[in-house]
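This structure is a prediction, so every number in the text was calculated from the model and none was measured.
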Amino acid sequence: CLSVNHVICHHSPLDSDPDVVLAEGDMVKIDLGVHLDGYIAVVAGTVVVGASKENPVTGRKADAIMAAYNAAEVALRMIRPGGNSKDITDAIQAVTEDFDCKPIEGMLTHQITRNCIDGEKQIIQNPGEAHRKEHKECTFEVNEVYGIDVIATTGDGKSRLSELRTTVFKG
């Protein structure tokens with residue numbers, strides 16, 4: 001998936017879509033995955049077009065990138081047997097607030113099992129009132145695997161509809 005600027009995730013241009021020319025300063029989220037023998041592995045990262053050692057990312061873009069990176073690192077270290085999903089939700093919120101950012105409301109990190117990318121157990125980020133009522137906390141167990149997915153914003157944390165259509169679906 002290639003999601004540019006305000007597009008949160010899960011967008012990948014189709015051949016039939018008009019070409020998009022990236023501009024200096026565009027923030028591009030790149031999300032790659034592989035499926036092998038029923039198991040998935042995903043990796044994602046964010047780049048800013050034109051950024052380099054000589055021209056580093058600064059300001060609010062840097063804040064959002066560092067908020068997401070550090071929150072993901074904290075979550076990674078907290079997922080261990082006996083740990084609780086609510087503690088990680090709270091930690092992600094605290095880390096992103098340190099950068100004056102917010103996680104995207106309702107974004108989920110999922111347990112990953114064979115032949116299932118979205119397992120039963122989940123960690124929610126920035127839960128709204130409805131999410132709090134619906135979401136079940138979980139305790140982590142030995143040999144469980146999770147795909148940590150943290151997206152931070154300098155905005156209010158709420159997603160909005162876009163003129164772009166969804167092009168990546170889960171089966």
Side-chain angles (χ1 to χ4, degrees), residues 1-17 27-47 64-96 101-153 155 157-171:
C1 299
L2 297 171
S3 304
V4 180
N5 295 326
H6 68 281
V7 178
I8 296 171
C9 59
H10 299 149
H11 179 74
S12 191
L14 301 173
D15 285 341
S16 59
D17 289 342
M27 186 177 284
V28 182
K29 285 81 67 188
I30 303 167
D31 198 344
L32 303 170
V34 64
H35 185 274
L36 183 63
D37 293 332
Y39 295 97
I40 64 105
V42 292
V43 64
T46 301
V47 295
I65 291 170
M66 292 307 296
Y69 174 81
N70 285 302
E73 288 292 313
V74 167
L76 176 67
R77 285 161 176 75
M78 291 179 70
I79 296 177
R80 61 182 66 178
N84 181 284
S85 61
K86 184 179 182 322
D87 294 339
I88 295 175
T89 297
D90 294 343
I92 290 170
Q93 191 75 33
V95 170
T96 56
C101 292
K102 292 186 178 184
I104 298 297
E105 184 178 288
M107 191 74 181
L108 295 172
T109 283
H110 296 275
Q111 176 187 23
I112 298 171
T113 59
R114 189 164 194 204
N115 297 315
C116 184
I117 190 170
D118 292 345
E120 231 177 90
K121 295 183 179 182
Q122 303 169 341
I123 303 163
I124 193 166
Q125 297 167 44
N126 194 11
E129 221 29 68
H131 296 121
R132 289 182 204 282
K133 292 176 185 171
E134 297 169 5
H135 186 73
K136 294 190 309 188
E137 288 181 36
C138 65
T139 301
F140 307 116
E141 298 175 31
V142 174
N143 295 323
E144 289 182 337
V145 176
Y146 290 81
I148 298 172
D149 198 359
V150 177
I151 301 178
T153 179
K158 298 188 184 306
S159 62
R160 290 170 183 71
L161 291 176
S162 168
E163 69 281 357
L164 298 173
R165 64 182 179 216
T166 300
T167 56
V168 179
F169 299 91
K170 296 178 189 178

TODO: Write down the atom of Asn126, the atom of Glu105, and the distance for their closest heavy-atom approach.
DONE: O-CG, 3.1 Å
Task: NE2 on His6 to CE on Met27, rounded to 0.5 Å - done: 13.5 Å
Task: Note, Thr46 side chain near Ile30 side chain (heavy atom, < 4.5 Å) - done: no
Open item on the list: Just to verify, what does Ala44 make a side-chain contact (heavy atoms from CB on, under 4.5 Å) with, not counting sequence neighbours?
Closed with: Asp31
TODO: For residues Thr96 and Pro103, report the shortest heavy-atom separation together with the two atoms involved.
DONE: OG1-CD, 3.1 Å
Open item on the list: Counting neighbours of NZ on Lys121 that are heavy atoms of other residues, nucleotides or ligands and sit closer than 6.0 Å, is the number greater than 12?
Closed with: yes
TODO: Please report the closest heavy-atom contact between Val150 and Ala71, naming both atoms and the distance.
DONE: CG1-CB, 3.9 Å
Using distance only, find each side-chain donor-acceptor pair of residues 83-93 under 3.5 Å and give its atom names and separation, not counting sequence neighbours.
residue	atom	partner	partner atom	Å
Asn84	OD1	Lys86	N	2.6
Asn84	ND2	Glu137	OE1	3.4
Ser85	OG	Cys138	N	2.9
Lys86	NZ	Asp90	OD1	3.4
Lys86	NZ	Asp90	OD2	2.9
Thr89	OG1	Ser85	O	3.3
Thr89	OG1	Ile124	O	2.6
Gln93	NE2	Glu97	OE2	3.3

- [ ] Please report the closest heavy-atom contact between Tyr146 and Glu144, naming both atoms and the distance.
- [x] OH-OE1, 2.8 Å
Task: All salt bridge (charged side-chain N to carboxylate O under 4.0 Å, His left out) counterparts of Glu134, not counting sequence neighbours - done: none
- [ ] Considering non-hydrogen atoms only, spot the tightest contact between Asp37 and Arg114 and give its length.
- [x] O-NE, 2.8 Å
Task: side-chain contact (heavy atoms from CB on, under 4.5 Å) against Thr113, all qualifying residues, sequence neighbours excluded - done: Gln111, Cys116
Open item on the list: Are Ile104 and Gln125 packed together at the side-chain level, in the sense that at least one heavy-atom pair is separated by less than 4.5 angstrom?
Closed with: no
Task: side-chain contact (heavy atoms from CB on, under 4.5 Å) involving Ile112 - partner list, sequence neighbours excluded - done: Ile40, Val145
Open item on the list: Within this structure, what is the CD1-CE distance for the pair Ile123 and Met78, rounded to the nearest 0.5 Å?
Closed with: 9.0 Å
TODO: Find out whether Ile148 and Ile79 are in side-chain contact, i.e. whether some heavy atom of one side chain is under 4.5 Å from a heavy atom of the other.
DONE: yes
Task: Closest non-hydrogen atom pair, Ala67 against Val95 - done: O-CG1, 4.0 Å
Task: Pairs touching residues 66-80 that satisfy side-chain hydrogen bond (donor to acceptor under 3.5 Å, both in side chains), sequence neighbours left out - done: Glu73-Arg77
